[in-house]
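We use all heavy atoms of the structure for the numbers below, so side chains are in, but hydrogens, waters and symmetry mates are not. Position 1 is the first residue of the sequence; numbering continues from there.
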Amino acid sequence: MRKLKITELKRLSPEDFKQTEKMPVIVVLDNVRSLHNVGSVFRTSDAFLIEAIYLCGITATPPHAEIHKTALGAENTVEWQYFEHTLDAIRLLKQKDYHILAVEQAEDSIPLDKFRPENLRYAVVLGNEVKGIDQTVMDYCDACIEIPQFGTKHSLNVSVAAGIVLWEIFKVHPFQLTQQYVPQLHLFRSDPKLI
């Protein structure tokens, strides 16, 4: 097998990215303190055509050198908005008919492998690196997704959790992408051996 050159990857230009249909998912970062985590979530959101990121509370916003270090420019392609209070973001999303999903360990959580998105708009809430999602925010969520874990630790890095959850939703969400921009995507959705 031969490693592809950057010129062979058929990446979107920033202009094409802005025009491309996005998956109807908004990521909500609830008081995420690490700028590297914020940048990583931007980069992952760019990769999976996420609609936007809502940065809340102490979560830093672009432009910032430490965010750029991991985002590598994705902070300029992915739409974002800042909210001083996470609940303000959640209330706005509910008004716009988004289904609010916490990514957390909680009573009655849905294991990620059992979650099947419908043709809905989702907001995926990720919490602080130490405290997780604030309980007042959890009280407003429609459901909770939990990533099954089997080792000695009880949590994942927030940017790692974002990558896992967004990829799983991306694989199975019934939204339709413009095939002109992503001709290879149908392979991942139609051949389970490639997933």
Q | Nearest-0.5 Å distance, CG of residue Leu4 to CG of residue Leu9 | A | 5.5 Å

Q) If you take all heavy atoms of Ser34 and Glu129, which pair is closest and at what distance? A) N-OE2, 3.0 Å

Q.
Main chain of Glu66, side chain of His64: is a donor-acceptor contact present, judged purely on distance under 3.5 Å?
A. yes

Q. Is a side-chain N or O of Ser109 found less than 3.5 angstrom from the main chain of Gln105, in a donor-acceptor match?
A. no

Q: Inspect the contact between Arg91 and Asp88 and indicate whether a charged nitrogen and a carboxylate oxygen are less than 4.0 angstrom apart.
A: yes

Q | Point-to-point distance, once rounded to the nearest 0.5 Å, from OG1 of Thr59 to CD1 of Ile53 | A | 10.5 Å

Q: Nearest 0.5 Å please: distance from the CG atom of Asp139 over to the CG atom of Asp134.
A: 8.5 Å

Q | Considering all heavy atoms, the nearest Leu126-Ala162 contact | A | CD1-CB, 3.6 Å

Q.
Same cluster or not: Val125 versus Ile164, using hydrophobic residues (I, L, V, M, F, W, Y) connected whenever any side-chain heavy atoms lie under 4.5 Å apart?
A. no

Q: First locate atom CD1 of Ile26, then atom CD1 of Ile50, and finally report the distance between them rounded to the nearest 0.5 Å.
A: 10.0 Å

Q) Any chain of hydrophobic side-chain contacts (each under 4.5 Å) joining Val27 to Phe170? A) yes

**Q.** Donor-acceptor pair, side chain of Glu75 and main chain of Gly73, under 3.5 angstrom
**A.** yes

Q.
Is there a path of hydrophobic side-chain contacts, each under 4.5 Å between heavy atoms, that joins Ile133 and Val28?
A. yes

Q. Can you check side-chain contact (heavy atoms from CB on, under 4.5 Å) on Tyr140 and Thr86, steps first, answer last?
A. CA-CA 11 Å; Tyr140 276 80; Thr86 307; over 6 Å; no

Q) To the nearest 0.5 Å, what is the distance between OG (Ser13) and NZ (Lys18)? A) 11.5 Å

Q | Stepwise side-chain contact (heavy atoms from CB on, under 4.5 Å) test for Val25 and Phe48 | A | CA-CA 10 Å; Val25 172; Phe48 299 132; over 6 Å; no

Q. Is the backbone of Asn157 close enough, under 3.5 Å, to the side chain of Asn37 for a donor and an acceptor to pair up by distance?
A. no

Q: Specify whether Tyr122 and His99 have parallel, tilted or perpendicular ring planes, treating 30° as the upper limit for parallel and 60° as the lower limit for perpendicular.
A: perpendicular

Q. Is there a donor-acceptor pair under 3.5 Å between the side chain of Asn31 and the backbone N or O of Asn128?
A. no

Q. Yes or no on side-chain contact (heavy atoms from CB on, under 4.5 Å) for Asp142 and Leu101, after CA distance, side-chain angles and deciding distance?
A. CA-CA 6 Å; Asp142 298 304; Leu101 301 173; 5.7 Å; no

Q. Do Ile90 and Leu120 share a hydrophobic cluster, counting only Ile, Leu, Val, Met, Phe, Trp and Tyr and linking them when any side-chain heavy atoms are less than 4.5 Å apart?
A. no

(Q) More than 12 heavy atoms of other residues, nucleotides or ligands under 6.0 Å from CD of Gln135: yes or no? (A) yes

(Q) Using only atom types and a distance under 3.5 Å, with no angle test, would you say the side chain of Glu104 pairs donor to acceptor with the backbone of Cys144? (A) no

Q: Examine Leu29 and Val124 and state if one hydrophobic cluster contains both, with Ile, Leu, Val, Met, Phe, Trp and Tyr joined whenever side-chain heavy atoms are less than 4.5 Å apart.
A: yes

Q. Can you tell me how far the CZ atom of Arg43 sits from the CG atom of Leu72, to the nearest 0.5 Å?
A. 4.0 Å

Q: Tell me, with the steps shown, if Thr77 and Phe42 meet side-chain contact (heavy atoms from CB on, under 4.5 Å).
A: CA-CA 9 Å; Thr77 55; Phe42 266 100; over 6 Å; no

Q) Quick check: does any side chain N or O of His173 sit under 3.5 Å from a backbone N or O of Arg121, one acting as donor and the other as acceptor? A) no

Q: Scan Val165, Val160, Asp113 and name whichever one has a side chain to side chain contact (heavy atoms under 4.5 Å, CB included) with Ile147.
A: Val165

**Q.** CD/Glu8: more than 12 non-hydrogen atoms of other groups inside 6.0 Å
**A.** yes

Q) Between the side chain of Lys22 and the main-chain N/O of Thr20, is any donor-acceptor distance below 3.5 Å? A) yes

Q. Looking only at atom types and distance, does a side-chain atom of Thr44 sit under 3.5 Å from a main-chain N or O of Ser40, one as donor and one as acceptor?
A. yes

Q.
Tell me the closest heavy-atom pair linking Leu55 and Tyr82, and the distance in Å.
A. O-CD1, 3.1 Å

